[in-house]
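As the structure is a computational prediction, the values presented were derived from the model and not from experiment.
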Amino acid sequence: MTVAHALGHAHATLMGVEFESFDRKREEITLRFHAPDSFITPRGSVQGGLVAGFLDEVMGWAHVWATDQVEAPLNLEISMSLLKPVPPGPLVGKGRVVRRGKRVIFLEGELFDLAGTLLARSTSTAIPTPRPTGK
């Protein structure tokens, strides 16, 4: 069942973010995205920094959901590998908590096309912080 994503901020709207599911046991979230044509470079694929944005989104929300929306990660480092060109249109992102401690969190994310082809992956080292409540 797909429901509206809880984020509700302008950047999420721009990326076409929709919540799909959260697996509590795996601490893994699945989000759907829509890469608009405005994200496409002359090479015909999504610009790399924007791909990083999709991955940052799934990794961050994995931690938010794993902490029952109490905490949000503050990234110290993000690493990304582009494995295939990311096309415009619908995409699926999966983010998970690899390890969560009191002072540091390790996250990973993956971005797929609708056929299930892995397009990009990322890791993040972050610190847990209270989730911001302001807009």
Side-chain angles (χ1 to χ4, degrees):
M1 176 173 75
T2 302
V3 297
H5 192 271
L7 187 59
H9 291 279
H11 77 277
T13 301
L14 184 64
M15 294 188 297
V17 180
E18 289 184 355
F19 173 83
E20 183 171 298
S21 65
F22 179 70
D23 181 330
R24 181 157 300 284
K25 184 176 178 183
R26 293 186 53 159
E27 294 189 331
E28 180 179 85
I29 196 165
T30 302
L31 300 178
R32 293 194 171 266
F33 298 97
H34 188 274
D37 289 341
S38 62
F39 282 20
I40 306 305
T41 70
R43 292 180 188 263
S45 58
V46 175
Q47 192 271 342
L50 298 169
V51 173
F54 292 132
L55 293 164
D56 181 29
E57 196 76 2
V58 295
M59 290 187 296
W61 280 100
H63 178 73
V64 171
W65 278 73
T67 62
D68 293 322
Q69 317 255 340
V70 173
E71 292 181 354
L74 179 60
N75 289 315
L76 298 172
E77 176 271 336
I78 294 178
S79 176
M80 175 182 74
S81 297
L82 292 166
L83 305 172
K84 293 190 177 276
V86 176
L91 301 165
V92 176
K94 291 188 177 286
R96 71 194 59 80
V97 177
V98 175
R99 182 180 168 117
R100 183 177 56 253
K102 291 182 179 183
R103 294 188 182 159
V104 69
I105 311 159
F106 297 96
L107 306 166
E108 62 185 18
E110 297 170 318
L111 192 64
F112 302 89
D113 64 17
L114 291 184
T117 303
L118 180 61
L119 305 172
R121 67 175 7 148
S122 62
T123 60
S124 173
T125 304
I127 57 175
T129 64
R131 183 169 175 222
T133 57
K135 291 191 178 198

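- Heavy-atom minimum distance, Val104 versus Pro128: N-CD, 4.0 Å.
- The minimum heavy-atom distance linking Pro88 with Asp37 is given by the pair CB-OD1, 3.7 Å.
- A single hydrophobic cluster is not seen to contain both Val92 and Ile29; linkage of ILVMFWY side chains at heavy-atom distances under 4.5 Å, directly or through other members, places them apart.
- Here the closest heavy-atom approach between residue Pro85 and residue Leu119 is recorded as O-CD2, 3.9 Å.
- No donor-acceptor pair closer than 3.5 Å links the side chain of Ser81 to the backbone N or O of Leu83.
- If you run side chain to side chain donor-acceptor pair (under 3.5 Å) between Glu27 and each of Arg100, Arg99, His63, only Arg100 comes through.
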Contacts table for residues 46-55: side-chain donor-acceptor under 3.5 angstrom, sequence neighbours left out:
{"from": "Gln47", "atom 1": "OE1", "to": "Gly49", "atom 2": "N", "distance (Å)": "2.8"}
{"from": "Gln47", "atom 1": "OE1", "to": "Leu50", "atom 2": "N", "distance (Å)": "3.0"}

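- For the residue pair Pro87 and Ala35, the shortest heavy atom distance occurs at O-CB, 4.0 Å.
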Listing, residues 106-114 side-chain donor-acceptor contacts under 3.5 Å, not counting sequence neighbours, or none:
{"from": "Glu108", "atom 1": "OE2", "to": "Arg96", "atom 2": "NH1", "distance (Å)": "3.0"}
{"from": "Glu110", "atom 1": "OE1", "to": "Arg96", "atom 2": "NH2", "distance (Å)": "3.1"}
{"from": "Glu110", "atom 1": "OE2", "to": "Arg121", "atom 2": "NH2", "distance (Å)": "2.9"}
{"from": "Asp113", "atom 1": "OD1", "to": "Ala115", "atom 2": "N", "distance (Å)": "3.0"}
{"from": "Asp113", "atom 1": "OD1", "to": "Gly116", "atom 2": "N", "distance (Å)": "3.1"}
{"from": "Asp113", "atom 1": "OD1", "to": "Thr117", "atom 2": "N", "distance (Å)": "2.9"}

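- The OG1 atom of Thr125 lies 7.0 Å from the CG atom of Leu76; values are rounded to the nearest 0.5 Å.
- Of the possible donor and acceptor atoms, none in the side chain of Ser124 sits under 3.5 Å from a partner among the backbone N and O of Ile78.
- The CG atom of Leu31 lies 8.5 Å from the OG atom of Ser21; values are rounded to the nearest 0.5 Å.
- In this structure, the separation between CD on Glu18 and OG1 on Thr30 is 13.0 Å, given to the nearest 0.5 Å.
- Among residue pairs with one or both ends in residues 61-72, those qualifying as salt bridge (charged side-chain N to carboxylate O under 4.0 Å, His left out) are Arg24-Asp68; sequence neighbours excluded.
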Trp65/Phe19 under side chain to side chain contact (heavy atoms under 4.5 Å, CB included): CA gap, chis, key distance, verdict:
CA-CA 11 Å; Trp65 278 73; Phe19 173 83; 3.5 Å; yes

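- What you find for Ala72 and Pro132 is that their closest heavy atoms are CB-CD, 4.1 Å.
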